[in-house]
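Below is one structure; the comments refer to it alone.
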Protein chains: 2
Amino acid sequence: MPRPRSLTPTLLAKAALAVIGREGPDGLSMRAVADELGMGTMSLYRYVQGREQLEALVVDLVLDPAQGGPDLDVGRRKNWVDKATELAVRAHAVATTHPAVTPLLLARRHASIHSLRWGEALLSVLAEAGFAGERRAIAFRTIVAYVFGAVQLQHLGPLGGEGTAAIAALPPDDFPLLADTARSARKISPDAEFLSGLRLVLRGIAVK
Amino acid sequence: MPRPRSLTPTLLAKAALAVIGREGPDGLSMRAVADELGMGTMSLYRYVQGREQLEALVVDLVLDPAQGGPDLDVGRRKNWVDKATELAVRAHAVATTHPAVTPLLLARRHASIHSLRWGEALLSVLAEAGFAGERRAIAFRTIVAYVFGAVQLQHLGPLGGEGTAAIAALPPDDFPLLADTARSARKISPDAEFLSGLRLVLRGIAVK
DNA sequence: AAAATAAGAGTACATTGTACTCTTAATCTT
DNA sequence: AAGATTAAGAGTACAATGTACTCTTATTTT
């Protein structure tokens, strides 16, 4: 009977994503998204409960496999390490392809169904590999901690980023190893760094 | 010639910490801190450039070894794995002792000198163990990624937390392994979980 | 054509960070 | 001892934000 809705959650999320893309993460506001859609600010509240839920929609959009999120099918690979690597690399790729969304992703990923599906997929890889009970739980949480820790590190730590700037501004004599590491790290691409670290983590889990 | 300052950065940080402790992380505001100190809001700006710097002061205070932050002396231990474990555990302990400060810690740790010192200490442990160049850089970043990923996970994921609530609200049939893992994880204390994961990571780094 | 109902617009307010200006207290000079 | 000096601190004001609440309007069913 009533007037039909003009938006879908996906449309809303895309508008928010466009705003973030144009104005950066801090440019996201209810007003900006409403303007992007040519609507009144308060009209958004017909679709989301508030800003938090809007952010959750963005995260959901980015993580949606149908929209470029991580594909969860790793059936082809032979051993579980390769399968887990594939899942982790895809998650990492998604998180770093949209750098402006990374903070949102880190903060709200746990509320996204796609994120849960990814977790379930990783767990099933571990289960197939024979992990069970507490050992599986630990292995799982360790991988997840590494993946999202690395994403966060990469977000803060790129060469032009705030982290490196702070280090560069310090007396290098007090932090010789940190300076040296920053130099070494400059030669490694973020993707290669992630992969190398991931191999170490998975190796530690794999060894009996 | 002028009137002397009535505050030190430490005093300011302590007031901010008190506010966070009483009102939670979202309760931190320039006004609240000023009230806590019995000053006008704008007077704070004689001591900090803005809110960001105030947050940095809080992080610095929490990470200060002289105030309960991670002690960096691990000379006693025999092998590098034990030393690295000690450093990681201390960092984890600090980060989780002040749960209300955890978000700040994760966001601004890189700007704190104490955090850099911790990094330098960890690197020197790795260097003594014979790691150098890219291998050392990777090992270092891997450990750091795990430590702060785990802190973040623990912050979001405790039983009463938002993460678990979201999982519990879902159709358990779609996420059998996730549900099972949540059950297994409930038996493990956060500290034990952190330590177990850390052992896996360090083992992966140690194996030739 | 009219009624019904949810969609969407508009207004208003509390909360925040902070720019700017004014007042005041402590020190140094004479 | 008194005044000059200078930064400390108070006060005011404003822009940006999230959102509660009310009013209007478009669309579908009767």
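Model, not experiment: these values are computed from the prediction. Just so we're on the same page: letters track the sequence lines, and every chain starts at 1.
- Across the protein-nucleic acid pair, A:Tyr45 atom OH and D:dT22 atom P stand 17 Å apart, rounded to whole Å.
- At distances below 3.5 Å, at least one donor-acceptor pair connects side-chain atoms of A:Arg90 with backbone N or O atoms of A:Asp71.
- B:Glu120 places a side-chain N or O within donor-acceptor distance of the main-chain N or O of A:Leu177, the cut-off being under 3.5 Å.
- For the pair A:Glu52 CD and D:dT17 P, the computed distance is 18 Å after rounding to whole Å.
- For B:Ser29, counting side-chain heavy atoms from C-beta on, the closest listed nucleotide (C:dT16, D:dT27, D:dT6) is C:dT16.
- Counting to the nearest Å, the P atom of C:dT18 and the CG atom of B:Leu54 are 10 Å from each other.
- Side-chain contact between B:Thr8 and B:Tyr47 is absent, with no heavy atoms from C-beta onward closer than 4.5 Å.
- Regarding contacts with the backbone of D:dA10, a side-chain N or O of B:Ser43 is found under 4.0 angstrom from either OP1 or OP2.
- At a threshold of 4.0 angstrom between heavy atoms, the contacts of B:Met42 include nucleobase atoms, whether or not backbone atoms are also involved.
- The B:Arg31 side chain lies nearest to C:dT18 when the options are D:dT17, C:dT5, C:dT18.
- When the P atom of C:dG10 is taken as reference, atom CG of A:Leu44 falls 13 Å away, rounded to whole Å.
- Not a single donor-acceptor contact under 3.5 angstrom links the side-chain atoms of A:Arg51 to the base of D:dG18.
- Look at CD on B:Glu55: it is 12 Å from C1' on C:dG17, rounded to the nearest Å.
- In this structure a side-chain-to-backbone donor-acceptor pair under 3.5 Å is present from B:Arg51 to B:Leu28.
- Toward the 5′ end of DNA chain C lies the nearest nucleotide of B:Gln49, the other residue of the pair B:Gln49 and B:Pro2 mapping further downstream.
- Heavy-atom nearest nucleotides on DNA chain D were determined for B:Thr41 and for A:Asp26, and the one closer to the 5' end corresponds to B:Thr41.
- For the side-chain contact (heavy atoms from CB on, under 4.5 Å) criterion with B:Val33, the lone passing option out of B:Val58, B:Thr41, B:Val19, B:Val48 is B:Val19.
- Applying the 3.5 Å distance criterion, the base of D:dG9 shares no donor-acceptor pair with the side chain of B:Arg3.
- Atom CG of A:Asp35 is separated from atom P of C:dA9 by 11 Å (rounded to the nearest Å).
- We find that CG of B:Leu28 is positioned 16 Å from P of C:dT15, with the value rounded to whole Å.
- A close approach under 4.0 Å does occur between a side-chain nitrogen or oxygen of A:Tyr47 and OP1 or OP2 of C:dG8.
- Among the atoms of the strands shown, only primed sugar atoms or phosphate atoms (P, OP1, OP2) are found under 4.0 Å from some heavy atom of A:Arg5.
- Remark on DNA chain C: of its neighbouring residues B:Gly50 and B:Pro4, the 5'-side contact belongs to B:Gly50, judged by nearest-heavy-atom nucleotide.
- Here D:dT25 presents its P atom at 16 Å from CE of A:Met39, a figure rounded to the nearest Å.
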